Amino acid sequence: MFKNRTRTNPAQVERHSNLKYPHRLNFYDRPPIEDISIEEFESCALDRLRVLTEIESSFARNRPWDELKSVALTQCEKYLPLHSSTAIAIDRDAERRKDHVGHFILRLAFCRSEDLRRRFVKAETTLFRIRWETDDRSEKEDFLNSRDFDWLPVSDKEIEDHSAELAAASQAKDFKPENEKFYKVKWTRVPDLVEKRRVFLKQGMAYVPAREQSSIVFQEFQTNLEKALELTAKALPRLDEDTRIVPILDSLSQGFLAGVSSEWATTSSSAAGGAITADMVDDLARKHFPACMRNLHESLRRDKHLKHFGRLQYGLFLKVLGLSIEEALAFWRRSFSNIQDDKFNKEYRYNIRHSYGLEGKRANYPAKSCVQILTSDPPGPQDNHGCPYRHFNPDSLQTFLLSMYSSQGLTSADLPEIMNTVKAGHYHVACTRVFEITHAKDGIKKGEGTGGGESVTHPNQYAAKSRELEKARLGQQEDGDIVMS
């Protein structure tokens, strides 16, 4: 995929202390120059995207920095671990190579529009800052020494001459400039510090104290990445002929829309809370279904019918939830009560069996993820599939949410926050907030999502976690009864 070729400049990732990637921190100056398989191409990108989408979701949910950092680190441990250089028992080069390759693949996916570039830069800069703050001091110094940041040390004479101004800019009590190192850079390189009036300015230069040095580094990372994405966008048309990777890039670029689902599309029934029967669906829908599936279920009960894409979306969801083919046939036959057996067997039975891999090419079709529901087969006026958060008008959505979830704790006071995230296009964040509100009785707090701060990225994830929480709550109640007796 990435071909080896001669370069006039040495790569940024040259060997040092027996490591191809000598630093945990990376400005990604040089693209990878090696062959990788399509499978690795996709897996490296998806794992990194899972981290970035949680960072994006955290911003949408206005999480405090410490909470955002905690959520991102949890995702990094799971999908993108990056140990320090002292972790000699770990294959650090393999970790850093995956980080390196994944970053450049996502550049290809997110360079396509100004909005995608802006969101990608914000998420990547945040990830870099988190890694900076969790890196140890010696490794940070080694990284800084490996690059030319074009800052000028301020002499002791200058510090003495401007001690009053430097002390005033520090905004700290008992600050003594003579005890601090300072660096001079163009003021345009530290706009955040200038805005907050935390630096002394003279002749277009900002005097940055060493403790604010990270602002220069973060701004440099952001500026470099913005320029690199613009260059990538100009080169991207040359990739259009490669039919192997363009579909992957198209899919990756939708990642910020609804996150990246993982195992939920094909989870076995036992992992999702056990097999279910047709008789259980009504109760499960009332207690555990996300808005998209709740809407389909209520429409099916009301109209005694669903159109093709609605049946497909709902049927695959129920399949992964644990509804066997025998129970599925019973459920759909009972639901389509207005038609005769001959019509059902002729027009619907085959398609139900086909979705279970028992007809046609016998493929095991996965349930649709949030991204697929949001981006494929948009519903028409008479359709019921899709995502209510995206496809309902604001008034209809609010009425629907109150009618479906008020019995589980949702109130009109919760709607402004939910509608604000919908208006901003963060549909899965709105769904996650509804999950938190309706599962407060199970101990879920604001910001926890479906667990560990994760957002909803798949309808089956929502339902499985909801069932899991109910099972734990009922188990605690039973234990309590035993203790009381």
Side-chain angles (χ1 to χ4, degrees), residues 49-50 52-54 56-62 109-110 112-113 115-116 118-119 123 250-261 264-265 285 289-300 306-317 366-405 410 412 414-438 449-450 454-463 466:
L49 186 56
R50 289 187 174 101
L52 297 185
T53 53
E54 280 303 330
E56 164 98 353
S57 296
S58 293
F59 281 121
R61 303 181 71 181
N62 296 314
F110 288 97
R112 301 171 166 211
S113 72
D115 180 61
L116 287 176
R118 176 184 57 78
R119 295 166 75 176
D250 289 339
S251 177
L252 291 171
S253 66
Q254 301 290 341
F256 282 154
L257 189 62
V260 182
S261 62
W264 300 103
F289 285 10
C292 54
M293 300 306 165
R294 190 78 184 267
N295 178 52
L296 285 167
H297 185 78
E298 296 301 323
S299 299
L300 178 61
L306 284 177
K307 298 182 77 171
H308 172 70
F309 288 118
R311 296 196 305 274
L312 184 63
Q313 181 176 318
Y314 194 37
L316 292 174
F317 167 80
K368 289 183 176 292
S369 68
C370 292
V371 168
Q372 291 171 316
I373 292 171
L374 286 165
T375 59
S376 62
D377 307 313
Q382 304 302 316
D383 288 321
N384 301 110
H385 66 281
C387 171
Y389 298 102
R390 181 172 193 178
H391 299 122
F392 281 20
N393 66 56
D395 290 339
S396 297
L397 176 58
Q398 293 180 79
T399 301
F400 170 79
L401 291 175
L402 286 175
S403 65
M404 294 296 109
Y405 296 109
L410 184 76
S412 57
D414 298 313
L415 293 178
E417 179 186 4
I418 294 168
M419 297 308 296
N420 282 338
T421 58
V422 170
K423 185 177 180 180
H426 301 294
Y427 309 110
H428 67 305
V429 175
C431 187
T432 303
R433 184 66 190 120
V434 170
F435 181 91
E436 292 172 343
I437 293 168
T438 55
T450 60
E454 286 196 23
S455 302
V456 173
T457 58
H458 199 291
N460 285 94
Q461 171 199 13
Y462 185 114
S466 179

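All values reported here derive from a predicted model rather than from experimental measurement. Values reported hereafter were calculated over all heavy atoms of this structure, with side chains retained and with hydrogens, waters and symmetry mates removed.
In terms of the side-chain hydrogen bond (donor to acceptor under 3.5 Å, both in side chains) criterion, Thr432 has no residue partners (sequence neighbours excluded). Residues satisfying the side-chain hydrogen bond (donor to acceptor under 3.5 Å, both in side chains) test with Asp414, not counting sequence neighbours, are Thr411. Residues passing the ring pair (Phe, Tyr, Trp, His ring centres under 6.0 Å) test with Phe110, sequence neighbours excluded: Phe120, Phe256. For Glu56, the side-chain hydrogen bond (donor to acceptor under 3.5 Å, both in side chains) partners two or more places apart in sequence, or in a different chain, are Arg119.
The shortest non-hydrogen separation linking Ala367 to Gln372 is O-OE1, 3.9 Å. Val434 and Ile418 make their closest contact through CG2-CD1, 3.7 Å (heavy atoms, listed as atom of the first residue, atom of the second, distance). The nearest pair of heavy atoms linking Leu397 to Pro388 is CD1-O, 3.8 Å. Here the shortest heavy-atom pairing between Glu436 and Gly449 reads OE2-N, 2.7 Å. Counting all heavy atoms, side chain and backbone alike, Leu374 lies closest to Arg390 at O-NH1, 2.9 Å. Contact record, Thr375 with Gln254: CG2-OE1, 3.3 Å, taken as the closest heavy-atom pair.
Electrostatic pairing of Arg294 and Glu298 counts as a salt bridge here, judged by a charged N lying under 4.0 Å from a carboxylate O.
The CD atom of Glu454 sits 9.5 Å away from the CZ atom of Arg50 when rounded to the nearest 0.5 Å. The structure places OG of Ser396 at 10.5 Å from CG of Leu401, a figure rounded to the nearest 0.5 Å. With values rounded to the nearest 0.5 angstrom, Cys292 atom SG is found 14.5 Å from Tyr427 atom OH. Here the OG1-CE distance, from Thr399 to Met404, works out to 10.5 Å after rounding to the nearest 0.5 Å.
Annotation: side chain of Arg112 is in contact with side chain of Asp250 (closest heavy-atom distance under 4.5 Å). Within the 4.5 Å cutoff, no side-chain heavy atoms of Lys368 are placed close to those of Phe317.
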Start with the C-alpha gap between Val422 and Gln398, add the side-chain angles, then the distance that decides, and say whether side-chain contact (heavy atoms from CB on, under 4.5 Å) holds.
CA-CA 11 Å; Val422 170; Gln398 293 180 79; over 6 Å; no
Might you work through the side-chain contact (heavy atoms from CB on, under 4.5 Å) test for Leu402 and Leu415, ending with a clear yes or no?
CA-CA 9 Å; Leu402 286 175; Leu415 293 178; 3.7 Å; yes
Worked check of side-chain contact (heavy atoms from CB on, under 4.5 Å) between Thr421 and Arg433
CA-CA 9 Å; Thr421 58; Arg433 184 66 190 120; 6.0 Å; no
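For residues 372-387, the set of pairs meeting the salt bridge (charged side-chain N to carboxylate O under 4.0 Å, His left out) definition, not counting sequence neighbours, comprises Lys307-Asp383. Contacts classified as ring pair (Phe, Tyr, Trp, His ring centres under 6.0 Å) and involving residues 368-394 (residues at least two apart or in different chains) are given here: Phe309-His385, Phe392-Phe400.
Although no hydrogens or angles enter the test, the distance criterion places a donor-acceptor pair under 3.5 Å between the side chain of Ser299 and the main chain of Asn295. A distance-only check finds a donor-acceptor pair linking the side chain of Arg311 to the backbone of Leu306 [under 3.5 Å]. Asn420 places a side-chain N or O within donor-acceptor distance of the main-chain N or O of Pro416, the cut-off being under 3.5 Å.
Residue His428 is tested with Ser369, Pro290, Ser455, Cys387 for a side-chain contact (heavy atoms from CB on, under 4.5 Å); the sole match is Ser455.
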